[in-house]
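First the proteins, then the strands, lettered A, B, ... as listed; each starts at 1.
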Amino acid sequence: MNNRKVRVRFAPSPTGPLHMGGVRTALFNYLFAKKNNGDFLLRIEDTDQHRYVSGAEEYIMKSLEWCGLKVDEGIREGGPHSPYRQSERKGIYKQYADQLVESGDAYYAFDSAEELDRLRHDAEANEQNFIYNATTRLNLRNSFTLSTEEVRQKLDSGEHYVIRFCMPEDQVVTEEDIIRGEVSFKTSLLDDKVLYKSDGMPTYHLANVVDDHLMKITHVIRGEEWLSSMPLHVLLYRALGWKETMPRFAHLPLILKPIGKGKLSKRDGDKMGFPVFPLLWTDPKSGEISRGYREDGYFPEAFINMLAFLGWNPGTEQELFSLEELTENFSLERVGKSGAKFDPEKAKWFNHQYLIRKADDEIAELFVPILESKGIKCPLNKDKLVHICGLLKERVDFISELWDQSYYFFQAPTAYDAQFTKKRWKQDTNQIIEEALKFLNTLDDWDAVALKEKFSDYVNEKGWSFGSVMNPLRLCLVGAGIGPDLFEIFAILGKKESIQRINSALETIHI
RNA sequence: GGCCCGUUCGUCUAAGGGUUAGGACGCAAGAUUUUCAUUCUUGUAAUAGGAGUUCGAAUCUCCUACGGGCUACCA
């Protein structure tokens with residue numbers, strides 16, 4: 001229909017921390033934009049002053065940044081359509097509301113919130129619906145029932161008013177959704193939505209349509225919760241005379257609770273022990289803290305990859321995609337229609353995949369702060385730490401879990417796992433270990449491979465079973481039945497420390 | 001209640017009328033291993049139900065059921 005440059009926007013309200021569903025919406029917008037060499041804008045929709053939460057805006061930007069979603073135009077980046085915060089655009093909406101009134105597509109209404117509430121309640125009591133539209137507007141206080149004179153007078157006297165869209169009486173609005181195909185709505189069932197509030201602010205609907213038009217947005221990609229307002233928006237574009245450049249719509253399926261019914265909420269995360277927000281969030285009022293994916297140890301690449309697969313798939317069997325690869329392969333046509341239950345286990349799996357693909361030295365670097373938090377200060381040379389990380393990364397999903405797998409490298413055992421001891425430390429074990437210790441003392445080449453070879457020969461020579469020697473030795477060095485190849489542990493610990501640990505164990509363990 | 005959207009293994013999903021309905025997560029078993037893991041192999045398990053259209057339906061149509069969203073001077 002035209003070859004305008006693709007421009008999409010992510011338009012959250014700063015009413016709290018950005019939910020992972022919101023991040024996914026941002027991600028899909030970003031991917032679509034970049035795939036089509038377009039622009040990705042961030043617009044803050046803060047037309048509701050009551051729900052404004054301080055810090056939310058900053059949080060949104062930090063979250064996108066952490067995820068690697070670079071914004072082309074936004075409140076911080078600026079751009080040709082500044083400002084990008086709707087509260088700062090307040091002045092530009094009124095003229096469009098006025099335009100609609102003039103063309104007869106909107107009208108003034110003076111009903112109080114209480115009056116309308118009462119009508120809704122009454123209708124509900126009678127198992128009816130109250131809809132402010134053609135069926136009722138002639139019984140209410142508005143430009144239809146009041147004379148031009150009266151309306152003028154009320155307006156001039158400063159009485160509170162709103163501007164409502166005049167929903168056509170009997171039309172069918174049909175619009176193509178990129179994900180869902182054609183969707184139709186009967187206007188007789190829709191209501192005369194408020195476009196302009198009595199506080200002088202536009203509602204979401206007006207501001208959204210006006211800004212998308214002014215900012216030359218070509219595709220509106222948003223959550224399914226907006227699908228029902230698509231006809232209103234379509235009608236607004238038409239009424240405003242912007243039919244030709246109206247963006248195309250794509251409504252994304254929702255992210256649902258892992259178990260049970262309904263969409264994913266903050267509660268579910270608390271209950272089941274997973275984050276629903278990208279970053280840690282401290283509520284400015286209550287001080288309540290919500291965990292974040294970042295702080296929980298997720299890599300942004302893993303988080304993004306996981307999110308992308310909630311509702312989208314490439315149609316191949318590849319599951320691991322970098323942001324660049326996602327961008328290359330993304331298409332709205334491959335986004336599913338149905339809501340996706342979030343699976344925290346799969347999220348961990350994604351993180352594991354990214355973790356094991358990281359270079360050992362990078363992992364080591366990330367592990368250092370955790371070691372320091374445990375009071376371990378550069379206990380080993382860097383090579384050894386890198387080696388440890390390489391040895392153990394397969395076993396964990398998060399960097400922080402490395403500690404549970406490796407603590408014995410940094411501190412000698414102070415206790416010995418009772419169960420393992422019982423199972424592996426037999427009557428003759430002390431004697432065997434003492435002999436083995438003598439042999440180990442004679443060895444100077446304390447390299448894992450050499451050690452393994454020489455010690456294995458020795459064990460064979462003595463006619464011992466491997467298990468009867470190795471398991472107790474593991475207990476001596478580690479204090480428990482965990483860890484990688486024992487000779488690797490020997491090598492990393494070094495001869496002196498290894499011998500010392502065996503001696504201590506021999507002194508401590510009695511059966 | 002009304003309107004709109006949806007429904008393939010427990011979960012994420014593939015299969016654009018013809019496949020033994022495929023993959024991944026999870027779970028289970030086996031193999032490997034000096035422990036614990038890893039790894040490898042195998043298994044587990046699905047087209048919501050009912051009508052139609054068709055030689056043939058997971059795929060198209062309708063009905064039912066179930067799920068979800070919206071129904072504010074909130075976004």
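A side-chain N or O of A:Y132 and one of A:N142 form a donor-acceptor pair less than 3.5 Å apart. Checked by atom type, the side-chain pair A:T136/A:N139 shows no donor-acceptor distance below 3.5 Å.
Base contact: A:P484 has a heavy atom under 4.0 Å from a base atom. Residue A:E319 is classed as a sugar-phosphate contact, given heavy-atom separations below 4.0 Å to backbone atoms only. Nucleic acid contact class of A:V459 (heavy atoms, under 4.0 Å, all strands): none. Residue A:T316 is classed as having no contact, given no heavy-atom separation below 4.0 Å to the nucleic acid. At the heavy-atom level, A:R180 lies under 4.0 Å from the strands shown only through sugar-phosphate atoms. Residue A:G311 is classed as a sugar-phosphate contact, given heavy-atom separations below 4.0 Å to backbone atoms only. Residue contacts shown for A:F420 are limited to sugar-phosphate atoms, with no base heavy atom under 4.0 Å away.
Atom pair A:F490:CZ and B:U34:C1' shows a separation of 11 Å (rounding to whole Å applied). Rounded to an integer number of Å, the gap from CE of A:M272 to P of B:U11 is 13 Å. Taking atom CZ on A:F321 and atom P on B:A24, their separation rounds to 15 Å, with Å as the unit. Rounded to a whole Å, the CG atom of A:D397 is 13 Å from the C1' atom of B:G26. The distance from atom CG of A:N305 to atom C1' of B:C25 is 13 Å, rounded to the nearest whole Å. Per the geometry, CG belonging to A:N133 stands 12 Å off C1' belonging to B:C3, to the nearest Å. Between the CD atom of A:E124 and the P atom of B:G1 there is a distance of 12 Å, rounded to whole Å. Taking atom CG of A:L475 as the reference point, atom C1' of B:C36 lies 13 Å away to the nearest angstrom.
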Does A:S188 form a side-chain contact (heavy atoms from CB on, under 4.5 Å) with A:Q171? I'd like the steps, not just the answer. CA-CA 7 Å; A:S188 56; A:Q171 263 179 237; over 6 Å; no

Could you walk me through whether A:D343 and A:W349 pass side chain to side chain donor-acceptor pair (under 3.5 Å), step by step? CA-CA 10 Å; A:D343 180 2; A:W349 177 81; over 6 Å; no

Please test A:L41 against A:Y84 for side-chain contact (heavy atoms from CB on, under 4.5 Å), starting from the C-alpha separation and ending with a verdict. CA-CA 9 Å; A:L41 329 211; A:Y84 291 88; 3.7 Å; yes

Apply side-chain contact (heavy atoms from CB on, under 4.5 Å) to A:I363 and A:V386, showing your working. CA-CA 8 Å; A:I363 294 174; A:V386 170; over 6 Å; no

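At the phosphate of B:U34, neither OP1 nor OP2 sits under 4.0 Å from any side-chain N or O atom of A:N471.
B:C66 and B:G23 have their C1' atoms separated by 27 Å, with the value rounded to a whole Å. For the C1' atom pair drawn from B:C3 and B:U61, the interatomic distance equals 22 Å after rounding to whole Å. Atom P of B:U35 sits at a distance of 15 Å from the matching atom of B:G30, rounded to the whole Å. Going from the C1' atom of B:C12 to that of B:C4 covers 25 Å, rounded to whole Å. Of the C1' atoms belonging to B:A75 and B:C70, the separation is 12 Å, rounded to the nearest Å. Rounded to the nearest Å, the gap between the P atom of B:A51 and that of B:A28 is 39 Å. Nucleotides B:G43 and B:U7 have their C1' atoms positioned 28 Å apart, rounded to a whole Å. Straight-line distance between the C1' atoms of B:A45 and B:G10: roughly 8 Å, to the nearest whole Å.
Taking only side-chain atoms of A:R334, from C-beta outward, the nucleotide of B:A24, B:A14, B:U34 with the closest atom is B:A14. Distances were taken from every side-chain heavy atom of A:K186 (C-beta onward) to each of B:G10, B:C4, B:G22; the shortest belongs to B:C4. You'll find that the side chain of A:V183 is closest to B:C5, out of B:G10, B:C3, B:C5.
The aromatic ring centroids of A:Y107 and A:F144 lie less than 6.0 Å from each other. Here A:F342 and A:F274 bring their ring centres to under 6.0 angstrom of each other. Taking the six-membered ring for Trp and the full ring otherwise, A:F299 and A:Y354 have centroids separated by 6.0 Å or more. For an aromatic pair to be called close, the ring centres must be under 6.0 Å apart, and A:F28 with A:W312 fails this.
In this structure, A:E182 and A:G467 both approach RNA chain B, and ranking their closest nucleotides by distance from the 5' end singles out A:E182. Both A:S184 and A:I482 lie near RNA chain B, and the one whose nearest nucleotide falls closer to the 5' end is A:S184.
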What string of B, S and - do you get for nucleotides 37-47 of chain B, 5' to 3', if B is base contact, S is sugar-phosphate-only contact and - is no contact with any protein heavy atom under 4.0 Å? BS---------

Go along nucleotides 57-75 of chain B 5' to 3' and tag each nucleotide: B for a protein heavy atom under 4.0 Å from its base, S when only backbone or sugar atoms are that close, - otherwise. ----------SSBS-SBBB

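Judged by Watson-Crick or G-U wobble contacts below 3.5 Å, the nucleotide B:G16 has no partner. As the counterpart of B:A46, no nucleotide is assigned, since no Watson-Crick or G-U wobble pattern has both distances under 3.5 Å. Here B:C36 sits opposite no nucleotide as a Watson-Crick or G-U wobble pair (both hydrogen-bonding atom distances under 3.5 Å). Remark: B:U61 base-pairs with B:A51. Criterion, Watson-Crick or G-U wobble with two distances under 3.5 Å. B:A24: Watson-Crick or G-U partner is B:U11, with both key distances under 3.5 Å. Remark: B:C70 base-pairs with B:G2; criterion is Watson-Crick or G-U wobble with both hydrogen-bond distances under 3.5 Å.
Here A:D457 does not pair with A:K454 in a salt bridge; the nearest charged N to carboxylate O distance is not below 4.0 Å.
Put simply, the side chain of A:C389 reaches to within 4.5 Å of the side chain of A:L402, judged on heavy atoms.
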